[in-house]
Structures are given as C-alpha cells and as structure tokens.
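The next block holds one structure in the form of structure tokens; read it before the comments.
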Amino acid sequence: METVHTDVAILGAGGAGLRAAIALAEADPKLRIALISKVYPMRSHTCAAEGGAAGVIKPDDSLEHHFHDTVAGGDWLSDQDVVEYFIREAPRELVQLEHWGCPWNREPDGSVAVRSFGGMQKQRTWFAADKSGFHILHTLFQTSLKHPSIERFDEFYATELLLDEGRCAGLVAIEMRSGRLVRFDARAVIVAGGGAGRMFPFTTNGAVKTGDGMALAYRAGVPLKDMEFVQYHPTGLPSTGTLLTEACRGEGGVLLNKNGRRFLQDYGMGPETPLGKPVFKTMELGPRDRISQAFWHEQKKGNAVPTQWGDAMLLDMRHLGEKKIDERLPLVRDMSISYMSVDPVTDPVPVRPVVHYMMGGIHTDIRAATPLPGLYAAGECACGSINGANRLGSNSLTELLVFGRRAALSAIEHLQSGAPPASDAALAGGAAAAQARIRELMQRSGGGETVAGLRKEMMQAMEQHAGIYRNGEGLAEACGKLADLRRRYARIELHDRTNVYNTDLLQALELGSMLDCAEAVVASALERRESRGAHQRLDFAARDDAKFLKHSLAWYGGAGAPRIDYAPVSITSSQPGVRDYSGAHA
Ligand SMILES: Cc1cc2nc3c(=O)[nH]c(=O)nc-3n(C[C@H](O)[C@H](O)[C@H](O)COP(=O)(O)OP(=O)(O)OC[C@H]3O[C@@H](n4cnc5c(N)ncnc54)[C@H](O)[C@@H]3O)c2cc1C
C-alpha cells in the first residue's frame, strides 16, 4: 500500500479543515500538511451557509453580550471557559478573513455591516449577502493555495484512523478515482469532517454530511459528546428541505400560521412588534429550538398551512420590498422561485422545521484536543462545547475559524512535545486490517441487504423517534431498531464491485458512519430524562439541572450498544437561569 509521510493529516477541507491547514502552514512553512477530502474543497457544506458569522464589532455590543447570548441560547450546557475563548477570538478571525479578501457587506460609511440573528440580542452577524458560506470558503480556499506545504488529496475517502500505543498516528483513505487504498502516516491528525444531518430524511444538509469524521473518532475510542442535541432550523422549504436563512427574519421577515397570525407571540416569544422595525430577542428572532417547537404545537392545534409536501407555516417578507430582498437575500428569492414557484416579493413562502445542525460531536476541550493523544477535532464534527443544547445561528461559521486555528496550534504543540515516532509495524498492521475490511465488504454476497433499504429504515426511525419532541418509549424503540440495522449492515451486498468511483462502496461506508452516529444520538437521548434546548422529552418536560446539568458521553460499544456516561459542564460566570425571550429586556 502506498504510504504518504506527513506531519499533520487533516480529514476534511471545509471551513474548519482549511482554516486549520492555513494556520499550520503559517506557523511553520516546513511542516508537511496533508489535506484529505472526499469532495473538492469548494463542495464542502460550508459553501452552502447563507446568513453569516457572529463576532462583536459594533460599539453598542460587547463580549459579555455575546457570551451571555451564547450560554443562555445553549440552555447553560455550553462550557463557559470555551465560550469565553471563542467570543474573544471571533472578531480577530473575521477581520483576518477580511484581510484575506472576504467581501463582507458594508454600511454606507464603509464599515462592516452586521445583521440580526435569532437569539442574539445585538446585531453582530457579519455577512456577504446571503452567500456568506460561499465567500468564506472561497476566501479560505484561495488563501490555502498560497501555501505550497498544503498538499491536497481531493476525492480521497478516509475510512479509519491509525493508532499506535494509545495515540493517533495517521489514517487510511481510498482514492476514489482508482479505488486504491493509501496510508497516511502523521504525527498528528485533525478531524474536520463536518456534521451528520443526513441520518434524517428531511434536512438542509448536503449529501456529504454523513458523520464520517465523528464515526472514525468514535470507533477509535473517543466518546461522542451531547449527541442528543440535534438542531431543527425553523425555515426549510417543504419541497426539498433547502434552507431559507435566518437572515430572512433578521432582515424583518415574519412567520404566520394559516390564520395570518404571528403565532410566536403565543409561545412566550414576546409581544407583536411593528413590521420592518428591527427588534431583538423577540418573536421571529427567538432561538431556533423554541420556534421549531412552537410550529409543532401549531400543527397539533390545526393551525398549520397544508401544502402538497405536508404542513407548513408562512414566511412573509413582502414588506421588505424588492430592492432590499434583491440586495440582502438574492439567493433566498432565487431558491423560493426555483423550488417552490413562489416569489417572496409578492407572496409569503411556505416553510417548515428541518434538521440542520449537530450540537454534539467528538469530545474536545478548549484546545480542540480529544482525549486520544495526537487527535484533534474542529468544526461541526467537534463538540468543545460552545453550542450547548442549542446553537445560535451564525456562531458555527465563526466556530470553524476559531477552533480550526486552535486545533492547528494544539497539533503543533503536540509535534513539539517530542513524542517518539509511531512504529511502522503498528501502522502497517492497522492499514492492512482496514484494507481487509473493505475487501470483505466488497466481496460479501448472499446477505441480501441493500444500502438504500437500510438507509431508508434508519431515516424513518430517526424522524419518527428522535425529532423535535421525543419520549422514552419511542427512543427505546429507536435504540432497538438501530441495533437491528447495525446487525443487518453486516449482511449488506454491493452491486458494484469495481474500483473506479465506486459510489456503491462509498455509500455503504457512509451508511456505516450514520448508523454509528444515529445510535449515539438515540442512546444519549434515551438517558437524558429532561428537556433542554433542542432535546425535548414529552415524558420529562422540564429542565432538570440537579440531575442533568452535564454533558453526555457516548462510548463506542463495538457490536453492542454504546455506553453512556457524563462529564461536568464548565461554569465560570453565568449560573443557569431562565431563558427569557419575552422581549421584557429588549
Ligand atoms: C444550508 C446551511 C446553511 C448554513 N448557514 C449557516 C450560517 O449562515 N451561519 C453559520 O454560522 N452556520 C451556518 N450553517 C452551519 C455551518 O455552515 C456548518 O456547521 C459548517 O459549515 C460546517 O463546517 P465544517 O468545516 O465543520 O464541515 P464541512 O464544511 O461540512 O466540511 C466537511 C469536510 O469533511 C470532508 N469529509 C467528510 N467525511 C470525509 C471522509 N470520510 N473522508 C474524507 N473527507 C471527508 C468533506 O469532504 C468536507 O471537505 C449552515 C449549514 C447549512 C447546512
């Protein structure tokens, strides 16, 4: 098997992976950096982000405000020391992007423009129209091209991490165009593999978001943290799940039920406010978990708007006017017309909650380090945790930058710590075992199970039992179902046994990742007998700080169920309180 010798291997070339690569190259141009991605970097999901990235910049804002919004938004499950680091670093990272060429929108006086976002009391979301992710990723990608020490391995699919003596020392990947396996020996590995929303049937997530990075770390013995917290975004197009950014509401769009009522006022999200007036905290700028839950109740009351794709609510942006919509939300207009045949300038657009983001992920600390020496993680696949039980929109893009860089700095510290090189025999043994597993999967026959069949059953179980509201009975059923699906996975048969771009094989591997992540989600959700943020239990409706102010950790159980235990939450200055979005303090 071909071996690539490198200092740091990065799994993933989205926002987090690229930011880490640049930080490594800048710190030491002599470092050999392998940037491994199953898609061309610009096709990573970061490209799809619309609304923007949060960082304090305006004189009426403060780090304390950003801290409080993030911690309260996360229902006090965020690690507050990590949040403090994050908000401090955020403005520097966004200015850095500006210097690398990111075309942030401007105020008339030339300063950086910011917009409102849900759960943020102040305007602090930097944006580039409604294509912020595209511009951020492009800026990072073009900056990475300036560094010859970043060697790219595009369309390489990582299948396993390599370990030696209790530390991570590389990974194995399939070159997709040839099917050959390549071993990457690395003194440190950074996982930046993105989220896992594809385990649900209705999601904003691109097809690549199958939780591979999480699953690789999990199988290597690193726990997945807070996996029960899955974010629904309130405004997806019912036809496709395509996202209409929160910036629609940040710019003044409102949500209506079938009677034309701004129903969020009935769910403790504040009094009705005049259209077009910027308001903070209240109504449509409430946090995503609360708004998605309010929709669920409206649906139960029969107040939803029926569409051919199921129940919806209406996002009304007509009062913003064509000029503002074209300037600030051009992609939203485009997509509403293309996918729903509705022009937001003249008609309200039907929308409904859609799976969007994983708050949970690979257990990391403030240094982006996992408990496995030599292994770091950043971006959506990691859980540091700044997002707690519910992420505020626009914190994620900034998180990629802050912790992508942090992971790089920690990896360098690790290299400098003088750990002895890994044993060639151990790495060769690990790589050979990985190769044997792939061969076995490709040659298996007679089992009769298909990737598409199992994937559909997994998605149905997740939607039915691990959605906006959950209960013990449903979650227990989902645990049983997923255990069964994992058993049946061993009997999957591939139709395609060739080597060139074998998408059948890749989808089978992705399904394996999703099943592992999904099992961690439902097992953690079953054990958390309280309601907090995005995890709402109908049988345990209240938050229970006495028992559950703690992070869940799901440990890989091999052929058996995951083992769940807990880790403390770091609290520095904000004691758990009531999340108040009534507008009383606006
Ligand atoms: C539609 C949409 C809009 C959003 N809008 C916003 C917003 O406005 N503001 C905000 O803050 N957040 C937003 N988010 C969330 C945010 O965009 C994501 O959380 C973030 O971009 C994830 O970045 P990442 O670098 O962690 O992962 P990604 O950008 O998803 O990149 C993952 C990388 O991992 C690679 N990879 C994965 N598995 C493998 C494997 N097995 N082998 C090799 N490579 C692999 C992929 O090729 C890819 O390069 C949005 C998300 C979506 C879906």
Side-chain angles (χ1 to χ4, degrees), residues 9-20 34-55 90 115 117-118 125-128 130-134 136-137 140-141 152-161 171-176 184 190-198 203-216 231 233 235-237 241-247 250 331 335 354-359 361-362 377-382 387 391-401 403-404 407 506 509-510 512-513:
I10 304 174
L11 187 169
L18 283 168
R19 182 66 189 93
L35 186 61
I36 299 150
S37 174
K38 66 179 175 180
V39 293
Y40 189 73
M42 279 306 293
R43 298 187 71 89
S44 304
H45 190 74
T46 301
C47 191
E50 299 169 22
R115 60 168 40 134
F117 243 68
T125 299
W126 302 43
F127 61 99
D130 55 0
K131 297 171 186 161
S132 308
F134 169 84
I136 290 175
L137 195 62
L140 291 170
F141 186 42
R152 288 216 325 275
F153 295 87
D154 296 342
E155 301 191 333
F156 277 67
Y157 182 98
T159 63
E160 267 178 61
L161 297 178
L171 56 81
V172 174
I174 303 172
E175 185 188 44
M176 288 156 64
F184 291 84
I190 298 174
V191 179
R198 279 276 159 174
T203 174
T204 62
N205 284 194
V208 289
K209 296 189 76 172
T210 54
D212 301 333
M214 294 183 192
L216 262 58
Q231 178 164 78
H233 193 296
T235 61
L237 294 179
T242 307
L243 178 79
L244 292 196
T245 168
E246 195 158 284
L331 182 65
M335 293 192 303
V354 54
V355 167
H356 185 54
Y357 181 87
M358 301 291 299
M359 266 71 76
I362 301 166
E380 190 171 338
C381 70
N387 299 308
R391 171 180 73 99
L392 294 190
S394 75
N395 266 350
S396 171
L397 289 173
T398 313
E399 181 183 2
L400 310 178
L401 304 168
F403 289 99
L506 299 174
L509 294 170
E510 288 177 337
S513 302

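Order of appearance sets the numbers: ligands from 1, and atoms from 1 within every ligand.
Ligand 1 does not have Arg43 within reach: every non-hydrogen atom of the residue lies 4.0 Å or more from it. At least one heavy atom of His356 sits closer than 4.0 Å to an atom of ligand 1. Residue Phe156 places a heavy atom less than 4.0 Å from ligand 1.
Taking 4.5 Å as the limit, some side-chain heavy atom of Tyr357 sits within range of a side-chain heavy atom of Glu380. Here the side chains of Leu171 and Leu216 are not in contact, with every heavy-atom distance at 4.5 Å or above.
Of the N or O atoms in Tyr357, none lie within a sub-3.5 Å distance of an N or O in ligand 1. The shortest N or O to N or O distance between Tyr157 and ligand 1 is not below 3.5 Å. Taking distance alone, with nitrogen or oxygen atoms compared against 3.5 Å, Gly52 approaches ligand 1 more closely than that limit. The distance criterion of under 3.5 Å between nitrogen or oxygen atoms is not met by Ala49 with respect to ligand 1. Remark: ligand 1 and Thr46 share an N or O pair separated by less than 3.5 Å (distance only, no angle test). Considering backbone and side-chain N/O atoms, Phe117 never comes within less than 3.5 Å of an N/O atom of ligand 1. Considering both main-chain and side-chain atoms, Ala158 comes within under 3.5 Å of ligand 1 through a nitrogen or oxygen pair. On a distance-only criterion, Lys38 and ligand 1 share at least one N/O pair closer than 3.5 Å. Residue Cys381 places no N or O, backbone or side chain, under 3.5 Å from any N or O of ligand 1. In terms of polar-atom proximity, defined here as any N/O pair under 3.5 Å, Glu380 does make such a contact with ligand 1.
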- request: Apply salt bridge (charged side-chain N to carboxylate O under 4.0 Å, His left out) to the pair Arg391 and Glu399, showing each step before the final yes or no.
  value: CA-CA 11 Å; Arg391 171 180 73 99; Glu399 181 183 2; over 6 Å; no
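When only non-hydrogen protein atoms are considered, atom 27 (O) of ligand 1 lies nearest to Gly194 CA, 3.3 Å. The nearest heavy-atom contact from the protein to atom 24 (P) of ligand 1 is Leu400 CD2, 3.7 Å.
Side-chain atoms of Asn205 come within 3.5 Å of backbone atoms of His356 as a donor-acceptor pair (strictly under, hydrogens ignored). At least one donor-acceptor pair under 3.5 Å links the side chain of Ser132 to the backbone N or O of Glu50.
Here is the list of ligand 1 atoms found below 4.0 Å of a heavy atom in Gly14: 25 (O), 29 (O), 31 (O), 33 (C), 49 (O).
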